[in-house]
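Right, one structure below, let's go through it.
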Amino acid sequence: MAGDQKPPSAGGPDDVPSGAGQGWTALSYLIGGMLVWGFIGWLVDQWLDTGGIATGIGVVLGMAGGIILVVRRLGTPT
């Protein structure tokens, strides 16, 4: 019936493309992991005076952890 049809979207602020939430979640996991583990590495650098090596290792570990979280939580389609 003509009355049962949904009106076309007007493109308002509530229109979010499908998958956009998953994209933002993945981005936050990656950036958050880098920031948290990079900060922990920086603290270890300050403590042991290693000249930035622990910060680099922390950032790499944060990226790896973020990728693992993205694959585990968002890798399986629903």
Side-chain angles (χ1 to χ4, degrees):
M1 290 193 209
D4 293 337
Q5 292 180 354
K6 192 177 199 183
S9 175
D14 292 334
D15 292 340
V16 178
S18 63
Q22 290 182 348
W24 284 110
T25 301
L27 184 64
S28 66
Y29 284 157
L30 295 173
I31 292 174
M34 288 172 50
L35 289 175
V36 168
W37 287 101
F39 179 71
I40 291 171
W42 179 79
L43 289 175
V44 171
D45 274 335
Q46 298 300 311
W47 180 41
L48 299 176
D49 195 27
T50 57
I53 294 173
T55 303
I57 292 171
V59 168
V60 170
L61 287 176
M63 284 190 293
I67 291 170
I68 289 170
L69 277 176
V70 168
V71 169
R72 281 188 181 172
R73 296 190 185 201
L74 301 176
T76 307
T78 57

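Residues Leu35 and Ile57 are members of separate hydrophobic clusters, defined by side-chain heavy-atom contacts under 4.5 angstrom among Ile, Leu, Val, Met, Phe, Trp and Tyr. Under a hydrophobic clustering in which Ile, Leu, Val, Met, Phe, Trp and Tyr are joined whenever their side-chain heavy atoms come within less than 4.5 Å, directly or via other members, Ile53 and Val60 fall into different clusters.
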Please tabulate, one pair per line, all N/O donor-acceptor pairs under 3.5 Å involving side-chain atoms of residues 36-47, not counting sequence neighbours.
from: Asp45; atom 1: OD1; to: Thr50; atom 2: OG1; distance (Å): 2.1
from: Asp45; atom 1: OD1; to: Ala54; atom 2: N; distance (Å): 3.2
from: Asp45; atom 1: OD2; to: Gly52; atom 2: N; distance (Å): 3.4
from: Asp45; atom 1: OD2; to: Thr55; atom 2: N; distance (Å): 3.0
from: Asp45; atom 1: OD2; to: Thr55; atom 2: OG1; distance (Å): 2.4

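Between the OH atom in Tyr29 and the CD1 atom in Ile68 there is a gap of 13.5 Å [rounded to 0.5 Å].
The nearest pair of heavy atoms linking Leu74 to Gln22 is CD1-O, 3.4 Å.
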